[in-house]
Asks: 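Below: one structure in structure tokens.
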Protein chains: 2
Amino acid sequence: MGIIRKTKSVALLLDVFEKESKAIATTDLIKRFDTVLNKTTIYRVLEKLEEDGILHSFLGFNGIKWYAKCKQCVKDNHTDTHPHFQCTSCGKAECLDVTIALPEFPDREVVFSQLLLKGKCNTCLAN
Amino acid sequence: MGIIRKTKSVALLLDVFEKESKAIATTDLIKRFDTVLNKTTIYRVLEKLEEDGILHSFLGFNGIKWYAKCKQCVKDNHTDTHPHFQCTSCGKAECLDVTIALPEFPDREVVFSQLLLKGKCNTCLAN
DNA sequence: TTTATATTTGCAACTTAGTTGCAGTAACAA
DNA sequence: TTGTTACTGCAACTAAGTTGCAAATATAAA
């Protein structure tokens, strides 16, 4: 159903994603808002922000859910199917601003795809 | 360290993957071998079979781990980086025998990639 | 400004996938 | 047959995410 009321929780979470250019893991958000927001609230607000096309989510290599700001998405139409990159050194994940062309797959109707890349990021390569 | 001894557990699990052409979720294996094998054993044997290049694994859309037989992999060299397809209707997952070309990503060293497709499979499209 | 109502929140308890330590069992080489 | 060491099962644990419900609060209407 998406966000209906502008509450403290919504404002706080939106603010984090406004300031952060990279993706953020739910577990990280729960830690950051430890005494401020309940984890149930965090999960629920994120879910609604995704429905509204404001955030999008993906699963990292350990199965943990990550969220990031959408650039071209609108409600109920997540066209934002860029790949995501997760660094093996620092663990951070980010969106890659590229479009990957996928072939047609016979006998299957592909609705959604998720490409996850693993390796060393910019910062960690320097060290 | 991989498989060293040919035990009952190894034989049972290998047999399932021999007969099954599709991927199998760990949760499914735990159910199938409910009274026969302990879940700890299942996790441990699968891990070793993957090290040996006999199986490979990937995460489905709900973060659950799936295993499937490798076709071209050898120990410590998982070249088997084909995409995987998971059906939204029946929930089953399978390997797709295609190679997807990925571009070079600047400022990053990509070591591994995982492409997961979601949609309706052959069988479910017919219904 | 006050009131009514429906959304949102926090809490606690729960579910489920996967892990760990350890003691007993079994594969296999000598 | 025996000794060594890998493997297994058990129980207890960890961690991510979910659920139900009562209390709190945003917002529209009076």
Side-chain angles (χ1 to χ4, degrees), chain A residues 1-17 23-52 54-68 75 84 86 91-93 114 116, chain B residues 1-17 23-52 54-68 75 84 86 91-93 114 116:
Chain A
M1 215 167 64
I3 295 288
I4 291 177
R5 295 182 182 176
K6 282 178 189 166
T7 62
K8 184 190 88 179
S9 323
V10 174
L12 282 170
L13 283 165
L14 270 181
D15 194 55
V16 177
F17 284 98
I24 314 177
T26 48
T27 49
D28 183 25
L29 286 169
I30 290 167
K31 270 178 220 143
R32 289 202 209 183
F33 290 106
D34 183 24
T35 54
V36 185
L37 293 177
N38 186 273
K39 66 171 179 173
T40 313
T41 306
I42 294 177
Y43 281 116
R44 290 197 272 226
V45 170
L46 291 173
E47 204 173 272
K48 287 180 179 173
L49 288 172
E50 186 168 26
E51 281 178 53
D52 287 342
I54 295 164
L55 299 179
H56 66 276
S57 71
F58 60 95
L59 294 183
F61 277 104
N62 39 16
I64 283 176
K65 207 166 187 178
W66 291 73
Y67 281 88
K75 188 170 177 177
H84 293 97
Q86 186 168 13
K92 288 182 185 167
Q114 178 180 302
L116 186 56
Chain B
M1 216 168 64
I3 294 288
I4 291 176
R5 294 181 181 177
K6 282 179 189 166
T7 63
K8 184 190 87 178
S9 324
V10 174
L12 283 171
L13 283 165
L14 270 180
D15 194 54
V16 176
F17 284 97
I24 314 176
T26 48
T27 50
D28 183 26
L29 286 170
I30 290 167
K31 273 178 217 138
R32 289 202 209 184
F33 290 107
D34 183 24
T35 55
V36 185
L37 293 177
N38 187 273
K39 67 170 177 172
T40 312
T41 305
I42 295 177
Y43 282 117
R44 290 197 272 226
V45 170
L46 292 173
E47 202 173 275
K48 287 179 181 175
L49 288 172
E50 186 168 27
E51 280 177 56
D52 286 341
I54 295 163
L55 300 179
H56 66 275
S57 71
F58 61 95
L59 294 183
F61 277 103
N62 40 16
I64 282 176
K65 207 166 187 179
W66 291 73
Y67 281 89
K75 187 169 178 178
H84 294 97
Q86 187 169 12
K92 287 182 186 168
Q114 176 179 302
L116 186 57

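Just so you know, these numbers use all the heavy atoms, side chains as well, and skip hydrogens, waters and symmetry mates. Convention: sequence-line order gives letters A, B, ...; per-chain numbering from 1.
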Asks: May I have the distance from B:L49 (atom CG) to D:dC7 (atom P), rounded to whole angstrom?
Replies: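 Nearest whole value for this atom pair: 11 Å.
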
Asks: Whole angstroms only, please: what is the CD1-P distance between A:I64 and C:dT19?
Replies: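 After rounding, the gap between these two atoms is 12 Å.
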
Asks: Given side chains that start at C-beta, do those of B:L29 and B:L46 come closer than 4.5 Å, heavy atoms only?
Replies: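 With C-beta onward as the side chain, the pair touches.
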
Asks: Which residues within residues 33-42 of chain B lie with some heavy atom under 4.0 Å of an atom in DNA chain D?
Replies: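 Of all residues in residues 33-42 of chain B, the ones placing a heavy atom under 4.0 Å from DNA chain D are B:V36, B:N38, B:T40, B:T41.
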
Asks: Could you state the atom-to-atom distance from NZ of B:K65 to P of D:dA16 in whole Å?
Replies: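 In whole Å, D:dA16 P and B:K65 NZ are 16 Å from each other.
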
Asks: Can a donor-acceptor pair be found, under 3.5 Å and without considering hydrogens, that links the side chain of B:Q86 to the backbone of B:K92?
Replies: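 Not a single qualifying donor-acceptor pair exists.
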
Asks: Is B:K48 near enough to D:dC7 that one of its side-chain N or O atoms lies under 4.0 angstrom from OP1 or OP2?
Replies: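 So the side chain of B:K48 is within the cut-off, an N or O lying under 4.0 Å from OP1 or OP2 of D:dC7.
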
Asks: May I have the distance from B:I4 (atom CD1) to D:dT8 (atom P), rounded to whole angstrom?
Replies: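 One finds 11 Å between P of D:dT8 and CD1 of B:I4, rounded.
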
Asks: What integer distance in Å separates A:I30:CD1 from D:dA16:P?
Replies: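 For the pair A:I30 CD1 and D:dA16 P, the rounded distance is 7 Å.
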
Asks: Rounding to an integer number of Å, can you tell me how far A:L12 CG sits from C:dG10 C1'?
Replies: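 For the pair A:L12 CG and C:dG10 C1', the rounded distance is 15 Å.
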
Asks: Determine the sole option in A:T35, A:T40, A:T41 for which the side chain to side chain donor-acceptor pair (under 3.5 Å) test with A:N38 is passed.
Replies: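 Passing option: A:T40.
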
Asks: Are the side chains of A:Y67 and A:T26 in touch, meaning some heavy atoms are under 4.5 Å apart?
Replies: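 Yes, close enough: below the 4.5 Å cut-off.
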
Asks: What I'd like to find out is whether the side chain of A:F17 reaches to under 4.5 Å of the side chain of A:I24, using heavy atoms alone.
Replies: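 Side-chain contact under 4.5 Å: yes.
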
Asks: How far apart are the C-alpha atoms of A:K39 and A:F33, what are their side-chain angles, what is the distance that settles it, and do they pass the side-chain contact (heavy atoms from CB on, under 4.5 Å) test?
Replies: CA-CA 8 Å; A:K39 66 171 179 173; A:F33 290 106; over 6 Å; no

Asks: Both B:Y43 and B:K8 contact DNA chain C. Taking the nearest nucleotide for each, which residue is further toward the 5' end?
Replies: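 The residue whose closest nucleotide sits nearer the 5' end is B:Y43.
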
Asks: Mind calculating the distance between CG (B:L59) and P (D:dG17) to the nearest angstrom?
Replies: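 Spelled out: CG on B:L59 to P on D:dG17 is 12 Å.
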
Asks: For a quick check, tell me whether the side chain of B:R44 and the base of D:dG9 share a donor-acceptor pair closer than 3.5 Å.
Replies: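 For B:R44, whose side chain was compared with the base of D:dG9, there is a donor-acceptor pair (under 3.5 Å).
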
Asks: Mind calculating the distance between NZ (B:K6) and P (D:dC7) to the nearest angstrom?
Replies: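 B:K6 atom NZ is separated from D:dC7 atom P by 13 Å.
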
Asks: Under 3.5 Å, is there an N or O donor on one side and an acceptor on the other linking the side chain of A:R5 and the base of D:dT27?
Replies: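 Absent.
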
Asks: Return the 5'-most residue of the pair B:T26, B:T7 with respect to DNA chain C, ranking by each residue's nearest nucleotide.
Replies: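 It is B:T26, whose closest nucleotide lies nearer the 5' terminus.
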
Asks: Determine whether A:D52 and A:K48 satisfy the following criterion, salt bridge (charged side-chain N to carboxylate O under 4.0 Å, His left out), listing intermediate values before the conclusion.
Replies: CA-CA 6 Å; A:D52 287 342; A:K48 287 180 179 173; over 6 Å; no

